[in-house]
Amino acid sequence: MTQIEIKFPDGNTQQVEKGSTPLEIAKSISNSLAKRAIAAKFDGRIISLKEPLNKSGALQILTFKDDEGRDVFWHSSAHLMAQAIKRVFPEAQLGIGPSIADGFYYDIDLEHRITPEDFERLEAKMAEIVEENHPTVRKVFSPQEALDFFKKNNELLKVDLIEGLLDSGEEITVYEQGEFSDLCRGPHVPSTGYLGKNFKLLSTAGAYWHGDEKNKMLQRIYAVNYPDKKMLKQHLKRLEEAKKRDHRRLGRELDLFSIQDEIGSGLILWHPKGALMRHIIESYWKDQHLKNGYDLVSTPHIAKHHLWETSGHSSFYQDNMFKPMTVDEVDYQLKPMNCPFHMEIYNTKIRSYRDLPMRYAELGTVYRYERSGVLHGLMRVRGFTQDDAHIYCHPDQLTDEIVGVLDLNTKILGKFGFTEYDVYLSTRPEKYVGSEESWDHATEALRTALEQKNIAYTVDPGEGVFYGPKIDIKIKDVLGRSWQCSTIQVDFNLPERFDLSFVDADGQKHRPITIHRALLGSLERFFGILIEHYAGSFPLWLAPVQAVLLPIADRHFEYAGRIRKALELAGIRVTSDLRNEKVGFKIREAETAKIPYMLIIGDKEMEEESLSLRRKGEGDLGTVKLEALLEKIQAELE
RNA sequence: GCUCACGUAGCUCAGUAGGUAGAGCACAUCCUUGGUAAGGAUGAGGUCACCGGUUCAAUCCCGGUCGUGAGCUCCA
C-alpha cells in the first residue's frame, strides 16, 4: 500500500494511505474536527471532504470558522434551498445561487411571486431534504451532454450559463443530491445532512439575469444558514440591531435631519441638532487640516459649463451631472466635483518648486444626479459635501505626501471611533491616461507609503480610475459592517487638461503631481455612518446636547438657571427641562433623547450648592459639586 | 432607471365587503410641585400622497403621477 505525506497547517505531518479522503484524515485527528468539517483545502485548492488524496501535500480541514469553509457551507445551502424550491414549484427555472458575505441567495425565474408566506413552506421542505441526507455526487459532463441534460429539464438559464462556459474550455460539472441536479463548480458538503436546520429565508428582491438591466428580472431569495442555532440567533439579532440603528429612524427620533418630498429626493435638511453636530465635525476637520499644512479654499456651487469641458467631466461624467442652466446665453453647470476650481486657483500664478507641496482643502458641496432607485437616507443623496483636498507636489514628494494623508486620516477617523480598516490599492486599468512610467511611479509611491505605515492592504488589479491609481479605505463600524469613506487618488488627467506647471530648480516648467483625497468622503454619508455606529448615543464631544438640567419643582428653577449659566460659560452644551412634569418623566425623555449627562436639582442640592448627577445608560451617580462636574466633563472631552 | 411592495393625524399603526375615519404616543389647556425611565382630566389635529376614471356615492375599485422601502445596476 502506497503512503503519502500530509502536512497540516500547524506544521505537523502524517503518513496516510494513498487515496485517503480529508474526512477520513479529519476523523483520525479528532471526532469533533470531523464533525465540524465542511470541506478541505489541499495545496491551496478547495476540495470536497470526499475527494481521495493521491499525492503528498498540505491539507487544511475547513470548518465554518474559515472563510472558505463558510463559503462552501452557504453555497451548499443555496443548493438545498433550490432543491426545496423545485419541490414546491417544479416549474421554477434556476439561475445562480452563490454564497455572499452574509449568507447566500438563489435567483429563480418563476411566474408565482414568492412571498414571506411561502418561506415557511420552503423551509419545511429544506428540513425534509436535510433529514433525507442525500449524498452530493459530482459528475463531469461533456458540453453536449450538459446542454442536452438541462434542455431536457427545461433549465434554460442553465443552458445559457453552459453556453457561456463553452469558450472558456472549463470542465463542466454537475452536482446531484437526490432528485436534484445543478450546474456547479463545487465543491460541496458530502451530503445534505451536513447542512443542519438552522437556516432562515430572509427576503426576496428582483435581480437582473447576469446583472444586466437589459435582461429579464428574476426573483432573488436571500437566506442564511448556520451550523448551530446560537449563531443563527445572533445573526437575526444583528439584523434587528441594524434596524434599530437605522440612521433614517434615529435621524427623525433625535431630530437631526429630514428629507422631504417638497424639497426633493436626495436633498438633506439639517435640523438644529444635526447642524450643530455638523458644525462640530467641520470645526474639528478644519482645525486638523490647518494644523497639518493645508490651506482652506472655498469655491462656488456653479460654474460655466465650459469649465467642465476643460476638465472632461461633461463627457465622461455627464450621466451623473444635473442639466446645465442658461444664464445670459451662457450655460452654467451645477458642480459635481470641486477639483476644477482648485486647479484654477493653482493656475492663477506661476508656481515655483519652492511653493510645493501645496494643499488645498475644502468642504465643498457638490450635486450629482443619482438614479431615483439608488437614493438612501444620508448614505446616497443628490447634494452632499465632500471633505475634499487636492495636493500639488513634486514627483519626489509623492510618497511623503501620501504618508501625510494616511497619518491625518488615521487620526481623524480614530477621533470618530473608527480604528479598523480594510485598505485597497487599485492599479492601472485597461483604459488609462498618462504614461506607463508615471503610473508605475505613482503606484509605487502609494505602495511604499502603505508599507511605511505598516498598513495591510489588498491589491485590486486594474481597478484604478482611468486618471490614476488610488488607495481606498473602508472603515468597519461597531456591527462589523464596512463603509467606503476615504480615498486617495493620484490624478494624471486634470493637471494635463488644465496645463498645471511649476518652475523647477532647472528653470524649466514641469507638471506637478496631483493627489485628490477625501477622508470622510461625504459629510452626509459620514454623519449617517456615525449615527449607526454610535446608535445615536454620541460621545460627549459630538453630542449636540451634552447635559440637561432637570429641576424637580418650580422653586429650583432659579438655582438651575445659575448652574446652567456656569456650564454655558465653561463651553458645555446644556439645556434645561422646565416643564411641569415629574422628574421621572423628564429623566425618561432625556434618556430617550440620548443626552449624556442629566443634572437633577432639588431641595437637597440647592441647600448644599451641588447637583445630582445621572449618566445616560448608567443611572444615578450621586451628588457632586459644580467644580467636580466641570473637571469630570473636561477630562472626558480630552 | 428596472422589479416587487407600500403611501390613513407630527410618529407607530387600526379601519371601511364603496356611504367623507379611529387608537396609543406626541401637541395644547387646566389640575397636580412631584426625587432617578411614562401623574390626571379635557381638547385640538386628517382633501385617507396627488391627478384622472368607474359609480347616485371613492380613502377603499381601475389608470396615471409623485414619494418611500427591499433589492438589481451604479456609487461618496
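Values reported hereafter were calculated over all heavy atoms of this structure, with side chains retained and with hydrogens, waters and symmetry mates removed. Order of the sequence lines sets the chain letters (A, B, ...), proteins ahead of strands, with each chain counted from 1.
No contact: A/K586 has no heavy atom under 4.0 Å from any strand. Residue A/E262 is classed as having no contact, given no heavy-atom separation below 4.0 Å to the nucleic acid. Contact annotation for A/D603: base contact, defined as any heavy-atom pair under 4.0 Å involving a base atom.
Residues A/D182 and A/Y106 have side chains that bring a donor and an acceptor to within less than 3.5 angstrom of each other. A donor-acceptor pair shorter than 3.5 Å can be found between the side chains of A/S537 and A/K616. Checking A/D477 against A/W483 by side-chain atom types alone, a donor-acceptor pair falls below 3.5 Å.
Ring geometry for A/F418 against A/H533 counts as tilted: the plane angle lies between 30° and 60°, on a 0 to 90° scale.
For B/C56 and B/A14, the C1' atoms lie 30 Å apart once the distance is rounded to whole Å. One P atom belongs to B/C27, the other to B/G10, and the distance between them is 14 Å to the nearest Å. Across the C1' atoms, B/C60 and B/G19 are found 12 Å apart, a figure rounded to whole Å. Nucleotides B/U12 and B/C74 place their P atoms 33 Å apart, quoted to the nearest Å. Comparing the P positions of B/A26 and B/G40 gives an interatomic distance of 10 Å, to the nearest angstrom. Between the P atoms of B/U29 and B/C61, the separation comes to 41 Å (whole Å). Atom name P, nucleotides B/A44 and B/G24: the rounded distance is 14 Å, in whole Å.
Cation-pi contact between A/K474 and A/Y424: present, with separation from the ring centre below 6.0 Å and deviation from the ring axis of at most 45°.
Looking only at distances, a side-chain donor or acceptor of A/K586 sits under 3.5 Å from a matching main-chain atom of A/R579. The backbone N or O of A/E111 sits nowhere less than 3.5 Å from a side-chain atom of A/E91 that would complete a donor-acceptor pair. Using a distance-only test at 3.5 Å, with no hydrogens or angles considered, no donor-acceptor pair links the side chain of A/Q386 to the main chain of A/G521.
The side-chain hydrogen bond (donor to acceptor under 3.5 Å, both in side chains) contacts involving residues 260-283 of chain A comprise A/D255-A/H271, A/S258-A/Q260, A/S258-A/H271, A/R278-A/E282, A/R278-A/T385, A/R278-A/E524, where partners must be two or more places apart or lie in separate chains. A salt bridge (charged side-chain N to carboxylate O under 4.0 Å, His left out) check over residues 413-430 of chain A, counting only residues at least two apart or in different chains, returns the pairs A/D422-A/K476, A/R428-A/D440.
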Handout entry: Heavy-atom protein contacts under 4.0 Å, nucleotides 24-31 of chain B, coded B base, S sugar-phosphate only, - none
Key = --SS---B
Fill in the blank from the handout: Letter by letter from the 5' end, nucleotides 67-76 of chain B scores (B base, S sugar-phosphate only, - none; protein heavy atoms under 4.0 Å) SSSSBBBBBB
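Annotation: A/E607, atom CD; neighbour count of heavy atoms from other residues, nucleotides and ligands within 6.0 Å does not exceed 12.
You'll find the side chain of A/K594 reaches within 4.5 Å of the side chain of A/L250, heavy atoms only. Between A/I221 and A/I114 there is a side-chain heavy-atom pair separated by less than 4.5 Å.
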Problem - A/F526/A/F416 under ring pair (Phe, Tyr, Trp, His ring centres under 6.0 Å): CA gap, chis, key distance, verdict - result: CA-CA 10 Å; A/F526 190 73; A/F416 290 100; 5.0 Å; yes
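Nearer to the 5' terminus of RNA chain B, by closest-nucleotide assignment, is the contact made by A/R555 (compared with the other of A/R555 and A/D620).
B/U36 atom C1' lies 5 Å from atom CD1 of A/I600, rounded to whole Å. Distance, A/E605 CD to B/G34 P: 14 Å, rounded to whole Å. Atom P of nucleotide B/C11 and atom CZ of A/R249 are separated by 14 Å, given to the nearest angstrom. For A/K244 and B/U12, the NZ to P distance is 18 Å, given to the nearest whole Å. If you take CD1 of A/I108 and C1' of B/C4, they are 13 Å apart, rounded to a whole angstrom. Summarising the geometry, the separation between CG on A/L549 and C1' on B/G35 is reported as 15 Å, rounded to the nearest angstrom. Atom CG in A/D255 sits about 12 Å away from atom P in B/C11, given to the nearest Å. In this structure, A/H556 places its NE2 atom 15 Å from C1' of B/U36, rounding to the nearest Å.
Comparing B/U12, B/U36, B/U33 by their closest approach to the side chain of A/R252 singles out B/U12.
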Dump the pairs, protein N or O against N or O of nucleotides 43-47 of chain B, anything under 3.5 Å, distances to one decimal.
none

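Taking 4.0 Å as the cut-off between side-chain N and carboxylate O, A/E362 and A/R517 do not count as a salt-bridged pair.
With a glycosidic angle no further than 90° from 0, B/G45 counts as syn.
Residue A/R113 places no side-chain N or O under 4.0 Å from the OP1 or OP2 atom of B/U3.
A stem is defined here as three or more consecutive Watson-Crick or G-U pairs, each with both distances under 3.5 Å; for RNA chain B these stems are B:1-7 with B:66-72, B:10-13 with B:22-25, B:27-31 with B:39-43, B:49-53 with B:61-65.
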